[in-house]
Peer 1: 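Take this structure first; my questions come after.
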Amino acid sequence: MDLILKNIGLLATPTGTEAKKGAEQREISMITNAEIGIKDGKIEYVKQMDSSVSSLSNKADKHSHRTIDCMGKLVTPGLVDAHTHLVFGGWRQNELALKLEGKSYLDILNSGGGILYTVEQTRKACEMELIEKGRAHLSEVLHLGVTTYEAKSGYGLSVEDELKQLRVIRNLDITQPIDIVPTFMGAHAVPTEYANNRDGYIDLIINEMLPTIAKEQLAEFCDIFCESTVFTPEESRRILLEAKKYDLIPKIHADEIDPIGGAEIAAEVNAISAEHLIQTSDEGIRALAEQSVVAVLLPATSFYLDKPYARARDMINAGVAVAVATDFNPGSSPSLNMQLTMNLACLKYKMTPAEVLTAVTLNGAAAINRAEVHGSIEAGKQADLLIWDAPDLEYIFYRYGSNFVHTVVKNGVVVVSN
Ligand code: IZC
Ligand code: ZN
């Protein structure tokens with residue numbers, strides 16, 4: 001064994017290698033007085049200890065550097081943030097005053113700001129600057145307990161700048177501990193130079209971006225901002241079906257601001273996940289359930305835009321697997337904090353702590369095609385886990401605003417000791 005975690009007060013984890021739907025989402029494994037053995041970066045065993053045996057073996061291993069005494073604390077899988085716009089140049093603090101004056105997210109975008117401002121700044125930045133900025137963000141993310149991360153392009157909106165962003169994402173995956181899963185999102189907005197020729201931009205995505213990105217294997221997923229005044233459901237269908245020809249798996253920003261049928265498109269093109277879903281209709285929810293599309297809900301965005309919260313309970317009741325993520329981006333969700341996102345999911349979606357735990361681990365992993373390796377603490381899975389400064393699961397949903405992660409283990413190695 002390379003590492004043993006002893007004296008775990010409560011080990012809370014979902015189990016399995018697939019997204020959990022309906023009532024299954026709250027059926028997590030809770031083992032008191034547990035021990036975890038780790039070898040070669042993977043979990044070798046999980047067991048419940050007889051309390052007398054556990055205290056004896058603690059004594060025996062007292063001087064071993066390969067043993068961590070968890071001192072009765074809570075242990076969970078590392079968090080999976082399945083929806084982020086990690087790599088960008090520039091922040092958008094100038095938009096705060098506009099928001100306070102009552103300008104909406106789409107007003108700001110349609111007057112040339114919002115995403116388009118970030119595109120300008122991202123195009124100006126060189127790869128090294130973006131890498132440095134991304135690395136600083138990921139260091140914060142890791143300290144907050146996230147061990148697997150999705151990152152989208154979509155602030156380049158030209159062949160060269162989309163490739164630049166995706167290369168930065170690849171570099172970050174290789175050079176720091178968090179696993180980063182790349183998504184191509186050239187269809188994030190129509191760039192200014194194509195303002196009068198949106199079909200020309202869609203052709204550029206289809207004829208140049210998709211083939212180049214696929215050839216260089218720079219992304220696993222293709223996402224699109226299907227929204228009023230951004231991309232229509234028809235355009236979304238067309239681009240996502242083209243992406244599938246290159247084995248890029250569809251994802252879709254759906255029904256965030258207006259209910260234009262994004263969830264239905266997700267089901268139709270067999271997307272792995274649909275994101276936001278604030279305004280999704282009953283038929284949309286049914287379609288997601290039927291096609292087993294994971295709903296990636298983003299409560300920090302509802303909070304920040306002062307919008308309604310997605311109908312998580314209706315989705316769970318309809319048999320949709322729900323994941324929860326930060327949507328970290330410089331406009332609608334300028335926070336890296338998955339723990340705060342978990343608090344919001346619990347309080348605003350009325351999801352139970354067990355449901356949210358599944359949403360930010362196994363279901364998050366399923367939304368980015370990683371449920372075989374991440375998202376639970378079971379023999380054979382990668383050893384990504386957190387020791388919390390907490391005695392039980394409810395505590396981390398009840399308290400908020402501080403970082404409750406004590407230790408982060410990634411691939412069997414202690415990478416953070418707070
Ligand atoms: O930069 O505003 N919603 N895309 C869709 C975003 C938010 C990111 C941004
Ligand atoms: Zn997003």
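For ligands, and for the atoms within them, numbers begin at 1 and follow the listed sequence. Given the structure is predicted, the values throughout are model-derived calculations rather than measurements.
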Peer 1: Hey, which atoms in ligand 1 end up nearer than 4.0 Å to a heavy atom of Ser332?
Peer 2: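 Taking each heavy atom of Ser332 in turn, ligand 1 has 3 (N), 7 (C) under 4.0 Å.
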Peer 1: Considering only non-hydrogen protein atoms, determine which one is nearest to atom 4 (N) of ligand 1 and report residue, atom name and distance to 0.1 Å.
Peer 2: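 I find the closest protein heavy atom is His188 NE2, 2.7 Å.
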Peer 1: Where do Gln339 and Asn403 land on the side-chain hydrogen bond (donor to acceptor under 3.5 Å, both in side chains) test, with the steps shown first?
Peer 2: CA-CA 7 Å; Gln339 293 179 46; Asn403 181 8; 2.6 Å; yes
Peer 1: If you measure from CG on Leu116 to OG1 on Thr192, what distance do you get to the nearest 0.5 Å?
Peer 2: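 If we round to the nearest 0.5 Å, Leu116:CG and Thr192:OG1 are 5.0 Å apart.
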Peer 1: Distance under 4.0 Å to a non-hydrogen atom of Asn329: what atoms of ligand 1 satisfy this?
Peer 2: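 Counting atoms of ligand 1 from 1, those under 4.0 Å from Asn329 are 1 (O), 2 (O), 7 (C), 8 (C), 9 (C).
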Peer 1: With carbon and hydrogen excluded and only N/O/S kept, which atom of His83 is nearest the Zn ion (ligand 2)?
Peer 2: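 Going by distance to the Zn ion (ligand 2), the closest N, O or S atom in His83 is NE2.
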Peer 1: May I ask you to decide if the ring planes of His253 and His85 are parallel, tilted or perpendicular, using 30° and 60° as cut-offs?
Peer 2: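 The rings of His253 and His85 stand perpendicular, inter-plane angle above 60°.
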Peer 1: Please list, in number order, the atoms of ligand 1 under 4.0 Å from a heavy atom of Arg92.
Peer 2: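 Those qualifying, in numeric order: 1 (O), 2 (O), 9 (C).
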Peer 1: With respect to Glu355, which candidate in Lys20, Arg26, Lys350 satisfies the side chain to side chain donor-acceptor pair (under 3.5 Å) definition?
Peer 2: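 In the set Lys20, Arg26, Lys350, the residue that makes a side chain to side chain donor-acceptor pair (under 3.5 Å) with Glu355 is Arg26.
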Peer 1: Please check if the side chain of Glu378 supplies one atom and the backbone of Gly16 the other of a donor-acceptor pair under 3.5 Å.
Peer 2: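 Yes, because the side chain of Glu378 sits within donor-acceptor range (under 3.5 Å) of the backbone of Gly16.
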Peer 1: Using a plain distance cutoff, I'd like to know if Thr118 has any nitrogen or oxygen under 3.5 Å from a nitrogen or oxygen of ligand 1.
Peer 2: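 There is no such contact.
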Peer 1: Short question: side chain of Asp255, backbone of Gln279 - any donor-acceptor pair under 3.5 Å?
Peer 2: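 No, because the side chain of Asp255 does not come within donor-acceptor range (under 3.5 Å) of the backbone of Gln279.
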Peer 1: Measure up the His83 and His276 rings against each other and bin them: parallel (under 30°), tilted (30 to 60°), perpendicular (over 60°).
Peer 2: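 Plane angle over 60°, so perpendicular.
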Peer 1: Which atom, counting only N, O or S, brings Asp327 closest to the Zn ion (ligand 2)?
Peer 2: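 This residue's closest N, O or S atom turns out to be OD1.
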Peer 1: Can you confirm whether the side chains of Ser333 and Asp327 place a donor and an acceptor under 3.5 Å from each other?
Peer 2: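 Ser333 vs Asp327: no donor-acceptor pair found between side chains.
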Peer 1: Tell me which N, O or S atom from His253 is the closest to the Zn ion (ligand 2).
Peer 2: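 Result for His253 and the Zn ion (ligand 2): NE2.
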Peer 1: Is His85 close enough to the Zn ion (ligand 2) that one of its N, O or S atoms comes in under 2.8 Å?
Peer 2: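 Short answer: yes, at least one N, O or S atom is under the cut-off.
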Peer 1: How long is the gap from CD1 on Ile178 to CG on Leu86, to the nearest 0.5 Å?
Peer 2: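 So the CD1 of Ile178 and the CG of Leu86 are separated by 9.0 Å.
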Peer 1: Show the atoms of ligand 1 that are less than 4.0 angstrom away from any heavy atom in Ile115.
Peer 2: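 Close to Ile115: 1 (O), 2 (O), 4 (N), 9 (C).
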Peer 1: State the atoms of ligand 1, each with its element, that fall below the 4.0 Å cut-off from a heavy-atom position in Glu256.
Peer 2: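 That gives atoms 3 (N) of ligand 1.
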Peer 1: Considering non-hydrogen atoms of the protein only, which is the closest contact for atom 1 (O) of ligand 1, and what is the distance?
Peer 2: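 Protein heavy atom at minimum distance: Tyr155 OH, 2.6 Å.
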Peer 1: State the atoms of ligand 1, each with its element, that fall below the 4.0 Å cut-off from a heavy-atom position in Tyr105.
Peer 2: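 Per the distance check, 2 (O), 3 (N), 4 (N), 5 (C), 6 (C), 7 (C), 8 (C), 9 (C).
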Peer 1: Any N/O/S of Asp223 under 2.8 Å from the Zn ion (ligand 2)?
Peer 2: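 Here the distance criterion (N, O or S atom, under 2.8 Å) is not met by Asp223, so no.
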